[in-house]
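Down below is the structure, laid out as structure tokens.
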Amino acid sequence: MKTTFKNLLPIAVVALAVSGAFVTTSMQSTSKLTAPKVGYPRDFMGNCILDQPQSCNTNPVPNLCYVGGGTSGTQAYGADQDCQEILYRNQ
């Protein structure tokens, strides 16, 4: 019994160390996801048109947020900064 325990102990320690390394690495590489944010198009005076909401995000990605969810057209902005906040398309 003691011999079996002594033989399995190094294997258990190595397995624990390897699993700990994977957990630590995966925790460091998780992206910081942000909650979706409502964006609005602007009128000719730069004010938000609040009756045309669009689901956007503040997480910087290559594509900006446009009304209708496309890749071009009328851009949607965040209402927090007088409709000046740049928002990005949800991924």
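- Side-chain atoms of T71 and N63 include no donor-acceptor pair closer than 3.5 Å.
- Between L64 and I86, some side-chain heavy-atom pair lies under the 4.5 Å cut-off.
- In terms of heavy atoms, N90 sits closest to C56 at OD1-O, 2.9 Å.
- Contact between G39 and A76 at its shortest, heavy atoms only, is C-CB, 3.9 Å.
- No continuous path of hydrophobic side-chain contacts links I49 to V67 [ILVMFWY only; heavy atoms under 4.5 Å].
- You'll find the side chain of Q54 reaches within 4.5 Å of the side chain of C65, heavy atoms only.
- Proximity of a side-chain donor or acceptor of D43 to a complementary backbone N or O of M45 within less than 3.5 Å is detected.
- Relative to the ring axis of Y77, R42 places its NZ or CZ within 45° and under 6.0 Å from the centre.
- Here the closest heavy-atom approach between residue N57 and residue N59 is recorded as OD1-N, 3.1 Å.
- In terms of heavy atoms, C83 sits closest to P41 at SG-O, 4.2 Å.
- Two residues are said to be in side-chain contact when any heavy atoms from C-beta on lie closer than 4.5 Å; L87 and Q75 fail this criterion.
- With contacts defined as side-chain heavy-atom distances shorter than 4.5 Å, the pair P53/Y40 qualifies.
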